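Just so we're on the same page: letters track the sequence lines, and every chain starts at 1. Hydrogens, waters and symmetry mates are skipped; everything else that's a heavy atom, side chains included, is used. The structure presented is a predicted model; accordingly, all values stated were derived computationally and were not measured.
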There are 2 protein chains.
Amino acid sequence: MEIDKSLISGSTTMLLLKLLEEKDMYGYQMIEELSTKSDNTFSLKAGTLYPLLHSLEQQGMVCCYESEADSARVRKYYSITKKGKGLLRDKKAEWQHFAFAVNQVLKGGTVHATT
Amino acid sequence: MEIDKSLISGSTTMLLLKLLEEKDMYGYQMIEELSTKSDNTFSLKAGTLYPLLHSLEQQGMVCCYESEADSARVRKYYSITKKGKGLLRDKKAEWQHFAFAVNQVLKGGTVHATT
DNA sequence: TTCAATATGTAGATCATCTATATATTGAAT
DNA sequence: ATTCAATATATAGATGATCTACATATTGAA
């Protein structure tokens, strides 16, 4: 199924931080892993990813180092910082709150007053 | 909790159609019901709602009639059409697919190959 | 040597939300 | 009577996260 991009909007940062919480990764790898783990629901574009990574780096949420581990090629690996882990925690709470609220509305029926 | 607007992006049409599936409503009422049913998670702005309603009407997803039922005041009531119900069905499926994929990534761990 | 896949990057377009502004009615308080 | 907050609808322009399109370069296979 093709997912409306605007639905994905706002969740990308959280998903990237989550990936980095598991292990250090380079940009291209994050696009692939996100696609795999979501059964191709998320196919993040390079033009979205790289500016986002640079922005997260500037904010101190991730840090970057170059490495040629396991490859002749030098890649830019990203690592989540303590600050980034804090942001991830907040974003996860926000997502859960949001998803609950949507499902609440979709469930339908009348809300009873609590007063 | 304050929810990032970009997270809400893309779900508004679905939520409005869902409200109208339950009963005919006028614009201002939809803002209030959406807020109540979501425990104030969604506080849709008038500047978002009215253009959206007009757009949905043009697409034939909802239809509009004026009425002064239960009030001295003439209000514009909106009603969901058969086409609108079809769109709602699609949007719900899309939302469920999306939410599942996000939770899949958040769950973490390695995805095992299915081949 | 040609080409697809890998890998990183920037500029500008798109689109759904927002804020700000406008208008008018209703009902309650002064 | 008059003022004011809440109700009710509406439009214009700003914002912000995504996208497409373009640019560059490396790697490995045909």
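- Sorted by first and then second residue, the pairs that involve residues 19-34 of chain B and meet salt bridge (charged side-chain N to carboxylate O under 4.0 Å, His left out), not counting sequence neighbours, are K18(B)-E21(B), E22(B)-K37(B), K23(B)-E33(B).
- Looking at K5(B), its side chain never comes within 3.5 Å of a backbone N or O of I3(B) through a donor-acceptor pair.
- As rounded to whole Å, 12 Å separates atom P of dA6(D) from atom CD of E32(B).
- For E57(B), the salt bridge (charged side-chain N to carboxylate O under 4.0 Å, His left out) criterion is met by no residue, not counting sequence neighbours.
- Taking atom CG on D4(A) and atom C1' on dA16(C), their separation rounds to 9 Å, with Å as the unit.
- The side-chain contact (heavy atoms from CB on, under 4.5 Å) test applied to E66(B) returns V74(B), K76(B), not counting sequence neighbours.
- The side-chain heavy atoms of M30(A) and L20(A), taken from C-beta on, include a pair separated by under 4.5 Å.
- Partners of T48(A) under the side-chain hydrogen bond (donor to acceptor under 3.5 Å, both in side chains) rule, at least two apart in sequence or in another chain, do not exist in this structure.
- Spacing between atom CE of M25(A) and atom P of dT6(C) amounts to 14 Å, rounded to whole angstrom units.
- For the pair Y65(B) OH and dT9(D) P, the interatomic distance rounds to 12 Å; values are reported in whole Å.
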Evaluate side chain to side chain contact (heavy atoms under 4.5 Å, CB included) for V62(B) paired with L17(B), printing each intermediate quantity in order. CA-CA 8 Å; V62(B) 303; L17(B) 289 175; 4.0 Å; yes
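- In this structure Y26(B) satisfies the ring pair (Phe, Tyr, Trp, His ring centres under 6.0 Å) test together with Y77(B), sequence neighbours excluded.
- What separates CG of L44(B) from C1' of dT7(D) is a distance of 16 Å, to the nearest Å.
- Counting only distance, with no hydrogens or angles, the side chain of T81(A) and the backbone of G60(A) share a donor-acceptor pair below 3.5 Å.
- For residues 78-88 of chain A, there are no salt bridge (charged side-chain N to carboxylate O under 4.0 Å, His left out) pairs, not counting sequence neighbours.
- In this structure, K45(B) reaches the bases: a heavy-atom distance under 4.0 Å links it to at least one base atom across the strands shown.
- Of the residues in residues 12-20 of chain A, not one comes within less than 4.0 Å of DNA chain C through any heavy atom.
- Note on residues 101-110 of chain B: no pairs pass salt bridge (charged side-chain N to carboxylate O under 4.0 Å, His left out), not counting sequence neighbours.
- As rounded to whole Å, 5 Å separates atom C1' of dC18(C) from atom NZ of K5(B).
- Taking atom CE on M30(A) and atom P on dT6(C), their separation rounds to 17 Å, with Å as the unit.
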Check nucleotides 21-25 of chain C against the protein and report each pair of N or O atoms closer than 3.5 Å, with its distance, or say if there are none.
from	atom 1	to	atom 2	distance (Å)
dT25(C)	O2	R73(B)	NH1	3.1
dT25(C)	O2	R73(B)	NH2	3.3

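- Straight-line distance from the CG atom of L56(B) to the C1' atom of dA16(C): 13 Å, rounded to whole Å.
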Every protein N/O within reach of nucleotides 8-10 of chain C N/O, cut-off under 3.5 Å:
from	atom 1	to	atom 2	distance (Å)
dT8(C)	OP1	K76(A)	N	3.3
dT8(C)	OP2	G27(A)	N	3.4
dT8(C)	OP2	Y28(A)	N	2.7
dT8(C)	OP2	Y50(A)	OH	2.8
dT8(C)	O5'	Y50(A)	OH	3.4
dG9(C)	OP1	K76(A)	NZ	2.5
dG9(C)	OP2	H54(A)	NE2	3.0
dT10(C)	OP2	H54(A)	ND1	3.4

Dot-bracket for DNA chain D, 5' to 3', with Watson-Crick and G-U pairs under 3.5 Å, [ ] for crossing pairs and | for other-strand pairs: what is it? ||||||||||||||||||||||||||||||
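- Within the 4.5 Å cutoff, the side chain of L106(B) has heavy atoms near those of the M14(A) side chain.
- The side-chain heavy atoms of L49(A) and Y28(A), taken from C-beta on, include no pair separated by under 4.5 Å.
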Which atom pairs, one a donor and one an acceptor, fall under 3.5 Å between side chains of residues 87-99 of chain B and the rest of the protein, sequence neighbours left out?
from	atom 1	to	atom 2	distance (Å)
E94(B)	OE2	D4(A)	N	2.6
W95(B)	NE1	N103(A)	OD1	3.2
H97(B)	NE2	T41(A)	OG1	2.8

